[in-house]
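Below is one structure, written out as structure tokens; comments come after it.
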Amino acid sequence: MSSGHRLRDVEQQRPLLDEEEEATRNSQSEAKHLWFIQDGCGRVCAFITWFLVFFADFVVTFVMLLPSRSFWYAVVNGVVFNSLALLALASHLRTMLTDPGAVPKGNATKKYMESLQLKPGEVVYKCPKCCSIKPERAHHCSICKRCIRKMDHHCPWVNNCVGEKNQRFFVLFTMYIAMISSHALALCGYQFITCIRVQWRECSDFSPPVTMMLMIFLCMEGLLFFTFTAVMFCTQLHSICNDETEIERLKNEKPTWERQTRWAGLRSVFGGRPSLLWISPFAGLKLSTFLPKHARRGGTAFSV
């Protein structure tokens, strides 16, 4: 590295890694294929998310739709609700198991610095926590233990950071959860009116107290999740259109990059021209990405 090149640590000074350390880190990273954060709180939150979706599906299907006298009412609402629930869970999986844009660990080496071909006097920043060169707009996540490109925030409900590569799936997740929550609330309202008219007779296959309790819980869940996800959905769209992540907004960082237009921001996140692929969590899905592969020494490897 020439004397004109400068490297700054974000918090404290550390030497560049030597080539032997680089080779060791690279050999370790090659054995990791599936991105999954080993965080206890995130796992619990992800499990709770799936449990609540299945609970809502159970109440909607077995308490409200199957006992209905109207065949088409049950079929249409059942297909719509279960389809939206499937899309929501698929979006959750894609958000959780997709690399959000992690910067390679330990790439602050002399060899890597030389490959950057920096101009004299040009400054690059090195993260002292993961010992990597920080690209512009990257921030370090203490839970993922990595620097994430265009990191928006770390969400425990998806057990992952929301960043450059998975923000689209997080937006879809919040959208579909908001949709099934509003659908469940509408079905609950109609069911309450129907049950009151028939004085809770032939209203459900369950007893009136159990039916009432399940529907009250579903209403509370639907109202809570609709409020939360609708706000998050609007916040994410606002960040995309303004080309500013939530961290950048909270830290009041002055943009050193050229802001994209709203249309360009949407296309960069969702990819290409507007189409049905924008709202599909299955677009670009490769099953091999989600199949755990075995390292050379044996055993399944996960990224952390």
Side-chain angles (χ1 to χ4, degrees), residues 35 37 42 45-46 49 53 84-103 125 134-144 146-182 224-286 289:
W35 180 270
I37 302 301
C45 290
T49 301
V53 172
L84 293 176
L86 175 63
L87 291 171
L89 294 178
S91 300
H92 183 274
L93 271 181
R94 293 298 301 272
T95 307
M96 182 171 61
L97 301 180
T98 298
D99 180 352
V103 179
Y125 293 89
K134 293 187 68 173
E136 189 177 38
R137 305 185 69 181
H139 293 84
H140 185 86
C141 175
S142 59
I143 300 177
C144 295
R146 300 287 287 275
C147 284
I148 308 297
R149 298 175 183 268
K150 292 184 67 174
M151 175 181 170
D152 188 85
H153 68 286
H154 184 93
C155 179
W157 298 105
V158 297
N159 189 32
N160 202 0
C161 275
V162 178
E164 185 178 59
K165 295 183 179 180
N166 68 345
Q167 186 176 24
R168 169 195 170 200
F169 303 121
F170 182 74
V171 173
L172 294 181
F173 169 67
T174 57
M175 181 183 73
Y176 286 124
I177 290 294
M179 292 177 69
I180 64 174
S181 297
S182 59
L224 178 63
F225 270 76
F226 173 77
T227 303
F228 175 75
T229 54
V231 171
M232 286 299 301
F233 176 74
C234 295
T235 302
Q236 289 294 302
L237 286 184
H238 180 268
S239 297
I240 295 171
C241 292
N242 289 337
D243 194 16
E244 182 182 42
T245 66
E246 187 66 16
I247 288 183
E248 293 165 348
R249 185 185 68 82
L250 292 176
K251 290 186 175 182
N252 198 23
E253 295 182 359
K254 295 182 180 180
T256 57
W257 62 93
E258 183 179 355
R259 288 185 182 272
Q260 300 184 77
T261 62
R262 295 181 179 179
W263 184 245
L266 288 171
R267 293 186 63 176
S268 66
V269 171
F270 291 95
R273 298 179 179 180
S275 66
L276 291 178
L277 295 178
W278 276 26
I279 59 175
S280 171
F282 303 104
L285 177 64
K286 296 181 180 179
T289 305

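What's counted below: heavy atoms across the whole structure, side chains too, no hydrogens, waters or symmetry copies.
Residues L224 and T227 form no side-chain contact, since every pair of their non-hydrogen atoms from C-beta on lies 4.5 Å or further apart. Counting heavy atoms from C-beta on, the side chains of H154 and C144 come closer than 4.5 Å. The closest side-chain heavy-atom distance from R267 to R273 is below 4.5 Å. Side-chain contact between V103 and R149 is present, with heavy atoms from C-beta onward closer than 4.5 Å. Under the 4.5 Å side-chain criterion, counting only non-hydrogen atoms from C-beta, E244 is not in contact with S239. Side-chain contact between V162 and F169: absent, with no pair of heavy atoms (C-beta onward) separated by less than 4.5 Å. Within the 4.5 Å cutoff, no side-chain heavy atoms of F233 are placed close to those of I177.
Rounding to the nearest 0.5 Å places OG of S91 at 8.5 Å from CZ of R168.
Within a 6.0 Å sphere centred on CG of L250, heavy atoms belonging to other residues, nucleotides or ligands number more than 12. Counting non-hydrogen atoms of neighbouring residues, nucleotides and ligands closer than 6.0 angstrom, the CZ atom of R259 exceeds 12 such neighbours.
A donor-acceptor pair is defined here as one N or O able to donate and one able to accept, closer than 3.5 Å; such a pair exists between the side chain of T174 and the backbone of V171. Between the Y176 side chain and the L89 main chain, no donor and acceptor come within less than 3.5 Å of each other.
Tested against K150, the residues D243, I247, V269 include a single side chain to side chain contact (heavy atoms under 4.5 Å, CB included) partner, D243.
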